[in-house]
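So the structure is just underneath, and the comments pick up after that.
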2 protein chains.
Amino acid sequence: MEQTTSEKILDVAQSLVVAGGYNGFSYADISDAVGIRKASIHHHFPTKAELVQVLVDRYTQRAESGLKSLREHVPGPVEQLQAYLDYWQKCILDASEPFCVCAMLAAEIQMLPEPVAAHVRRHFENLAAWLTSVLKAGVEKKLFRLARSPEEEAQILMASVHGAMLSARALGDPSLFAAIVGPQVARLKA
Amino acid sequence: MEQTTSEKILDVAQSLVVAGGYNGFSYADISDAVGIRKASIHHHFPTKAELVQVLVDRYTQRAESGLKSLREHVPGPVEQLQAYLDYWQKCILDASEPFCVCAMLAAEIQMLPEPVAAHVRRHFENLAAWLTSVLKAGVEKKLFRLARSPEEEAQILMASVHGAMLSARALGDPSLFAAIVGPQVARLKA
DNA sequence: GTTCAGCTACCTACTAGTAGGAAGACAAAA
DNA sequence: TTTTGTCTTCCTACTAGTAGGTAGCTGAAC
C-alpha cells in the first residue's frame with residue numbers, strides 16, 4: 001500500500017465523477033470510501049472545485065503521456081489507433097473505468113467552475129490533436145485513406161468514441177462500444 | 001398564456017436537466033424560474049424522481065411522435081434522416097435545446113432512480129429503431145449503401161449524434177455538430 | 001362543498017467549508 | 001541526549017446554507 005492519502009482521495013473522487021458527474025458526489029461519499037473524516041479531505045483539497053481541478057489535471061496529464069507513449073512504442077499508426085480504442089474497450093468491459101472523466105464533465109460543462117471547464121476543454125483539444133497526428137501519419141504511409149481532412153476525421157472519431165461510451169452505458173451493453181467504434185476505424189483503412 | 005403551471009415546471013426542469021443533469025438542479029431553481037414557491041411544485045410533482053420521470057416520459061413521447069411524423073410527411077428516407085439531424089443542428093445553433101435530455105441523463109444513468117433510467121434506456125432503443133427503419137427504407141430504394149447491417153449503422157449514427165453534441169458543448173463550438181454528423185450521413189449515400 | 005392550486009412555515013438530512021486541537025515525524029538546538 | 005519547534009495529517013465539533021419534502025392553511029372554481 002504505497003499510495004498516499006491524496007492519491008486515494010483522487011482515485012475515489014475520479015470513480016465517483018465517472019459514475020455521477022460533478023454534482024453526483026460529496027465529500028461525505030469520499031470520506032466513507034477512503035476511511036477518513038470529511039475535514040481531513042479538506043486538508044488535502046480545500047474546496048471541491050480544487051479537488052476536481054487537480055483530478056482533471058492528473059487525468060489529462062496521464063492521458064497525454066499515455067497517448068504519447070503509444071505513439072513512441074507502438075509500431076504503426078493503425079496499431080496506435082487500435083491500441084487507444086482497445087484501452088477503452090478493456091476499461092468498459094471490465095467496468096474499471098466505464099466512462100471518460102472529461103466526457104462526463106463535458107456534459108455538465110456549463111455549470112462547472114471555470115478552471116475545471118478549461119481543463120476539460122483542453123483534454124478534448126489534446127485528444128483531437130493526437131488523433132489528427134495519428135491519422136496524418138497513416139495517410140502518409142498510405143495505411144489510411146480519408147474522405148475528409150485528418151482534422152475532420154479526428155473530430156468524427158472522437159465523437160464516435162464518446163457516443164459509443166454513452167450508448168454502451170445507456171443500453172447497459174459494454175460490447176456496444178466495440179461494435180460502434182470498430183467499423184469507424186475499418187472504414188479509414190486504405 | 002395557455003401554458004399550465006405543470007407544463008411551465010416541466011419546461012424549466014427540462015432546460016435545467018439539459019444544462020446540468022439530474023443532480024444539477026433543485027426545486028428552488030425551478031421555484032425561482034417559474035415564480036411559485038417550492039411547496040407548490042411538490043403539489044404538482046410530489047418527488048423529484050417523479051418530476052424527472054414525467055419529464056423524460058413527455059420527452060420520449062414527443063420525440064417518438066416527432067420522428068413518426070417525419071417518416072410520414074417527409075418524402076424520402078434521405079430527407080427524413082437529414083430532417084432529424086437538421087432539427088438538432090438548429091437546436092444547438094440557437095441554443096434553444098443544446099443537448100438531448102436523455103443523452104444527458106444516460107451519462108448519469110447509474111445513479112438515476114430506476115424508473116427514470118428505464119425511460120432513458122427506452123428512448124435510446126426507440127431512436128435506434130427509428131434510424132434502423134429509415135436506413136432500411138433507404139437501402140431498399142437504393143438511396144443508401146451500407147457497409148454494415150442497418151442495425152449496426154443506426155447505432156453508429158446515434159453514437160455520432162450524441163458524441164457530436166458532446167464535442168460541440170465541450171469545445172464551445174455549435175457548428176462542430178454539423179461538421180461531425182454531416183460526413184457520417186454523406187458516407188451512407190449510394 | 002369538495003377539489004384545486006397556491007401559500008406560509010416548518011422539518012430533517014445533508015452540503016461545502018472552518019476552527020482548533022492531538023499525535024506523530026523530523027530536524028535543529030541545548 | 002534530550003529538548004524544542006515546526007510540519008503534516010488527521011481528528012472532533014461546529015457553522016451557514018441548501019436539499020427534498022411535509023403540514024396545514026387560504027381562496028377561488030366547479
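In what follows, every chain begins at residue 1, and chains take the letters A, B, ... in the order their sequences are listed. Predicted model only: the values in this text are computed from it and were never measured.
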Problem set entry | Residue pair B:Pro75 / B:Gln80: nearest heavy atoms and the distance that separates them |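 Heavy-atom minimum between the residues: O-NE2, 4.0 Å.
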Problem set entry | Which atom of B:Phe25 lies closest to which atom of B:Val52, heavy atoms considered | CZ-CG2, 4.0 Å
Exercise. With no hydrogens and no angle check, is any side-chain donor or acceptor of B:Tyr27 less than 3.5 Å from a backbone partner on B:Lys48?
Worked result: yes
Exercise. For the side chain of B:Ser65 and the backbone of B:Arg62, is there at least one donor-acceptor N/O pair under 3.5 Å apart?
Worked result: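 A pair under 3.5 Å: yes.
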N/O-N/O pairs, protein side and nucleotides 25-30 of chain D side, under 3.5 Å:
none

Exercise. Excluding sequence neighbours, so at least two apart, what forms side-chain hydrogen bond (donor to acceptor under 3.5 Å, both in side chains) with A:Thr5?
Worked result: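 So A:Thr5 forms no side-chain hydrogen bond (donor to acceptor under 3.5 Å, both in side chains) with any residue.
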Is there a side-chain contact between [X] and [Y], using heavy atoms and a 4.5 Å cut-off?
X: A:Met111; Y: A:Asn23; value: yes
X: B:Leu93; Y: B:Lys90; value: no
X: B:Gln155; Y: A:Leu171; value: yes

For this session: May I have all residue pairs that pass ring-ring contact (aromatic ring centres under 6.0 Å, His included) and include part of residues 97-116 of chain B, sequence neighbours excluded?
Result: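 Applying ring-ring contact (aromatic ring centres under 6.0 Å, His included) to every pair that reaches into residues 97-116 of chain B, excluding sequence neighbours, yields nothing.
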Exercise. Sequence neighbours excluded, which residues qualify as side-chain contact (heavy atoms from CB on, under 4.5 Å) partners of B:Lys68?
Worked result: B:Glu72
Problem set entry | Results of side-chain contact (heavy atoms from CB on, under 4.5 Å) for B:Asp173 - residues two or more places apart only |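 B:Asp173: side-chain contact (heavy atoms from CB on, under 4.5 Å) contacts with B:Ser175, B:Leu176.
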Exercise. Which ones in residues 17-31 of chain B lie close to DNA chain D, meaning a heavy atom under 4.0 Å from one of its atoms?
Worked result: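 Residues of residues 17-31 of chain B that come under 4.0 Å of DNA chain D are, in numerical order, B:Phe25, B:Ser26, B:Tyr27, B:Ala28.
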Exercise. Using a heavy-atom distance cut-off of less than 4.0 Å, which residues of residues 34-46 of chain A contact DNA chain D?
Worked result: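 Here the set is A:Ile36, A:Arg37, A:Ala39, A:Ser40, A:His43, A:His44.
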Exercise. Does D:dC10 have OP1 or OP2 sitting under 4.0 Å from an N or O in the side chain of A:Thr5?
Worked result: yes
Problem set entry | Electrostatic pair B:Arg37:B:Asp32 at N-O distance under 4.0 angstrom |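 The answer is no: the pair does not qualify as a salt bridge.
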Distance-only donor-acceptor hits, side chain of residues 139-151 of chain A, under 3.5 Å, sequence neighbours excluded:
residue	atom	partner	partner atom	Å
A:Ser149	OG	A:Glu152	N	3.1
A:Ser149	OG	A:Glu152	OE1	3.3
A:Glu151	OE2	A:Lys136	NZ	3.3

For this session: Identify the 5'-most and 3'-most nucleotides of DNA chain C with at least one atom closer than 4.0 Å to a non-hydrogen atom of chain A.
Result: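 Nucleotide range in contact with chain A: C:dT15 to C:dA19.
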Mind listing the side-chain donor-acceptor pairs of residues 178-190 of chain B below 3.5 Å, one per line with the distance, residues two or more places apart or on another chain?
residue	atom	partner	partner atom	Å
B:Gln184	OE1	B:Arg187	NE	3.0
B:Gln184	NE2	B:Ser160	OG	2.8
B:Arg187	NH2	B:Glu153	OE1	3.1

Problem set entry | Contacting residues from residues 104-119 of chain A, given that a heavy atom lies under 4.0 angstrom of DNA chain C |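 Heavy-atom contacts with DNA chain C come from no residue of residues 104-119 of chain A; none.
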Would you list the atom pairs, donor with acceptor, under 3.5 Å between side chains in residues 112-124 of chain B and any protein atom, with sequence neighbours excluded?
residue	atom	partner	partner atom	Å
B:Glu114	OE2	B:Arg121	NH2	3.1
B:His119	ND1	B:Asp57	OD1	3.4

